[in-house]
Each structure stands twice: as C-alpha cells, then as structure tokens.
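Reading through the structure tokens given below for one structure.
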Amino acid sequence: MAGQQLLRAVIPRLSCVGLLERVSPRAALLSTRLCGTVPVPAETQQEDPSVINEKLITGPLKQPDYFNVKELFSLNDLFQARVHLGHKKGCRHRFMEPYIYGCRLDQDIIDLDQTMDHLELALNFTAHIAYRNGIILFVCRNRQFGHMVELVAKDCGEYAHTRYWQGGLLTNSHIIYGGSVRLPDLLIFLSTLSNVFEPHVAIRDAAKMNIPTVGVVDTNCNPSLITYPIPGNDDSPSAMELYCKLFKMTITRAKRKRKQMEALYKLQNQASSN
Amino acid sequence: MSSLADGGRKPARPPPAAQVSRTPRCPPYGDLRGTKGEPPELPLAAAATCEACGKDEREMRWARARAGAWFVQCHADVQGTWREHVPGVEQQEDQSQGSHPCRPSWLAEDEITAAVFSRTTNLLRSGILRKPPVWYEVYVAFPPRREPLYRPSRRFFRQVKDVVPDIVYPEDTIRAKFYEVYGSGSRPFQLQQTNFKSCCQRFVEEYNELKKEGEIKEENLFEETGKLLLAKGMILRRKTAVNVIPAETAFTMTLPNMLKEQVHEEQQLESTEGQKENPLPS
C-alpha cells in the first residue's frame, strides 16, 4: 500500500482526472455535482510521502545546476555548429537586437555569450520538468528538420508535433480530443516560425494556456512570448543537430536521475518500515 | 463527452471574422460560444444555481471573469478574490468596455495581457488552481532573464536608428584593397576545412608581417606584399580592365556610320556567298 501511494505521488499521470487543472467548462458545469466530491488523492498523499516529496521533488531545485547541463556544451561547440549565424540585416526583428553581437557585411551575428547563458537556463528548466514527469512537446515547422525532431522526441520518450497545427489543439483540446486531456507541461520550439515565416500559433496558444515555452529564436523571430528563449541559428543543419542532441541528453539524463532517486527512496522507505 | 443538456451538438467553429470586426473575440470556449462573440451561452437554464454553493449562474460567470481564468470549475472555488461580486454591476455592459468583461476591446485575440507566471500566481492565489502546475516551482527557482510579456511589434514607417554595430576589423582595409586590385583570389574557399586560409587571408598576414618589420614605406607595402607572394608561388592575377572605346573613335562611331559599315559587311558576305554558289549548278 505504501508502495502504491508512493507510486501515485511520484507519477501524477496515474492520478485521477480531478487533479487536472485544465478542465473544460462543459465538463466543469456538468460536474458541478462533483465539485465538492472531486476525488482528491492529494489529501491522502499529504500524510505519508510528504517528506519524500520534499526530498525527491523539491530537493533538486535547491542546487543551481543539479543536472550539470553546463558540461553538455561549450562556446566552441556552438561556434562550430554555426549557432552564431543570423539572417541578413533586413530580416532582423526589433526585439532580437539585444541578443545580436553585431552585423558583419549585412549578416547578423548572434552574441554567443548570451546564447550560452540562455541555453543553460533553458536546458536546466527542461531537465527539471522532465524530472518531475512533465509532458514535453517538441514543435518545429521547419520541414528540413521535421523528421529529425520526431526521432529525437521518440528517443526521449516525449512528444513532437511537426505537422500542420490545427487551430484549437491546445485551446480547444476538450473538443478535439474529447473529455479531459492532459496538456503538455512544456513546449520546446526548435524553430519558432511557421511555414510562412510568421510566429507559430502554438507560442500564443501556450501563453494563453499557461504553458511555459522554450524556443530557439533566430534574428527574424519574435522572442517576446517565449518563456526561455535561446537566441541562435535555426536554419543550419549543424545547429539543429546540436540543439536536438542537447535536448535529448538533458531529458534522458533527468529521467534517469528520477528513476534513480525513486529507487533510492523506495529502498529507504522499505528499510525504515522494516 | 457530448452529453450536453440541450442534447444537440453545436459546431465547434468560431464565428466568422467579418461578424466581429472591432468587437473583442471571446476566449475559445468551443461550442459554448454565442453567435455574436458574447459571453458563452451556458447549457444550464438562466435561472440555474450552482449546486455546490447555491449562488446564481450569472455571478459564477462574473467571478470567473474577474479571476481572469479561461476555465473555472465552480465559482465556489473562487475564494478570497480581491474583488467580490458586486451586484448590479453586470447590467452596465456598455459598448466602450466591450461586450466581454474579461477582455478589453482594444486588444486583439493575439495579444495576451499578462505573462504566464503572473497569471498562474493569480489563479493560485484566488483558489481556482488548487495545486501549482508542474513547472511553477521550477520557474520560481530558475526564473527567465526576461518576463515573457507580450510586446506588440509595431512597424515604424520612418527610419529607425540602427542599434546593432557593424563588425569591422583593421584588416578589412587591406582586404578591400586586395579584392579591388586582384578580384576574388585564385583559390576558391574551402569551407569544409575550418582552418582554411584563403588567398586574401595569406595576403593580409604577409602585409601585417611586413608592416611589423617596418622596413618598407606605407605606400609601397601593398605592392611589396604582392611581389613577395608571387615569389612564394601564389598566383595573383590583376583584374583586367574592361575594353573601353577610346575617345577619338567614339566620336566618329555615330549611328549612320555604323549602319554604313554594317551594310558594307553584308554586301561583302553576299558576294562571297554568290561566288560559292556559282560552281554548284553545273
């Protein structure tokens, strides 16, 4: 029983529907009867594994770089992968100006020091989300790298959407998918633009649905709505391969760490109960 | 899950844009949206009451709007909101405010008023979200460098000052001169090799070395480098000037003269052809 409770505590996907915050209004109104009687495993969780919760889930937050994402990349790696190359001066987006180092013969060069900083922050965030069993959705409408992104998502055990984004996928999910559906906890944009070089609809939709986003923003993109932007090249294959590799490594690392910690606490629990 | 109270299945499409030109577009409640972009038509009867708390349906809608949530389970959950329901205020749905209380009329659907974190904090504070989402604590621990607040990117019709500096090196003057004199170098760029040195780059390095030695004068440095590189075996071909018609001939080459010449040439050609053809018919 303790094991089952522990399992539910650490794997919220198995928890009841009632715990989901994003419930459709129709379901909400229909289930007004259930308002007071929503099954709340949270209450039962409070007693036993609250201490475990503390260490397991909030423990990693206390350290600045728990998953050591800094070691995954270096400035030289970014340079070799041509992450610093932006578009021409005419394509520049006004809000990208702070991230641009300079303009060499009309081609924008992105400041790699800032990119390093932003990339570290973004990877750290992704790792923590993956550690907490959050659902991650990769979005990239750049057809050249669509398949690569799908493969990366598959390898991570997460999800990808590199095809046409229907209007209400996030905002109208209860109609499209029916009933209550768990929306992603993080969207990772490997290219924030859609086919027609306009900001991807999912950026705005994620902001509406209170979902944080991580995105690679090139010099022609709008970084305003993205929670953790990564200023960098999103057109060169070498740069995209680098990003894919980094995200895959962070997510797998975080998930592996989670399994380790769960096993550790399970053992501790068993030992203490014995 | 299509067990609506009214039984029917309303289309899940938003109203066409033409109908709602300047009026605010409602948040997408799916098939609960009214036809004119008004607040969603609730499947329960108008005079229905919430069973959990016994309050009126309209109050529920108002509470939801005030709390700024897209979806709300029951307004009974909205406890401790900083603005309690004010009876009678709902009646004054004046046009200036826009017909929907939670979105001012001057905002388009694209524009989002608050950032993700502040909105979620408010939802938690008001009690609509009972427990923080997965990412909330992580965000608190590791906030981004800039709050992801929406900024409208207005296009300026006048020339905006270019803030981004140009990247220029001192060697660029030498490079410019090189390309002007010699055109693009004899060797094409091999971009696959990261340590590749082009013709121009070698020239620049030689130039700088000679300059450092300081024996040759400034004006002669360029030519001296050229000579040095030729001696080393690098082929440097000067850019040949385009054939320019000298001034005197340009004067005489007027249009009638040119036509005369053309006619003369044609006649010559005809005569030669005639000579060729004669032996054929025998």
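Only heavy atoms go into these numbers, but all of them, side chains included; no hydrogens, no water, no symmetry mates. So that the names make sense, note that chain A is the first sequence line, chain B the second, and so on, each numbered from 1.
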Structural part of Lys89(A) lying under 4.5 Å from a heavy atom of chain B: side chain
Looking only at the side chains, is there a donor atom on one of Asn122(B) and Arg119(B) sitting less than 3.5 Å from an acceptor on the other? no
Pair count under 4.5 Å, heavy atoms only, with chain A: among Val164(B), Val168(B), Val140(B), Asp166(B), highest is Val164(B)
Side chain, backbone, both or neither: which part of Thr213(A) has an atom under 4.5 Å from a heavy atom of chain B? neither
For Leu121(A), is it the side chain, the backbone, both, or neither that has a heavy atom closer than 4.5 Å to a heavy atom of chain B? side chain
Of the listed residues (Ala114(B), Ala141(B), Pro143(B)), which shares the most heavy-atom pairs with chain A below a 4.5 Å separation? Pro143(B)
What pairs meet the salt bridge (Lys or Arg N to Asp or Glu O under 4.0 Å) rule with one or both residues in residues 134-150 of chain B, with sequence neighbours excluded? Asp117(A)-Arg145(B), Arg132(A)-Glu137(B)
Would you say Asn222(A)'s side chain and Ser224(A)'s backbone share a donor-acceptor pair under 3.5 angstrom? yes
Whether Glu180(B) and Arg175(B) form a salt bridge (side-chain N of Lys/Arg under 4.0 Å from carboxylate O of Asp/Glu) is what I want to check. no
Below 4.5 Å, heavy-atom pairs only: which of His93(A), Lys62(A), His128(A), Gln80(A) has the largest tally toward chain B? His128(A)
Decide, yes or no, whether a salt bridge links Asp162(B) with Arg92(A) under the criterion of side-chain N to carboxylate O below 4.0 Å. yes
Which region of Pro199(A), side chain (C-beta onward) or backbone (N, CA, C, O), has a non-hydrogen atom less than 4.5 Å from a non-hydrogen atom of chain B, or is it both or neither? neither
Under a 4.5 Å heavy-atom cut-off, does chain B meet the side chain of Gln107(A), its backbone, both or neither? neither
Quick note, side chain to side chain donor-acceptor pair (under 3.5 Å) partners involving residues 96-105 of chain A, not counting sequence neighbours, are Arg104(A)-Asp172(B)
Counting only non-hydrogen atoms closer than 4.5 Å, can you tell me which residues of residues 186-194 of chain B sit against chain A? Thr194(B)
Where on Ile109(A) is there a heavy atom nearer than 4.5 Å to chain B: the side chain, the backbone, both, or neither? side chain
NZ or CZ of Lys177(B) within 45° of Phe203(B) ring axis and under 6.0 Å: no
For Lys88(A), is there an ion pair with Asp106(A) - N to carboxylate O distance below 4.0 angstrom? no
Donor-acceptor side-chain pairing of Ser74(A) and Asn76(A) below 3.5 angstrom: no
Hits for ring-ring contact (aromatic ring centres under 6.0 Å, His included) against Phe117(B), two or more places apart or cross-chain, chain-then-number order -> Tyr136(B), Tyr139(B)
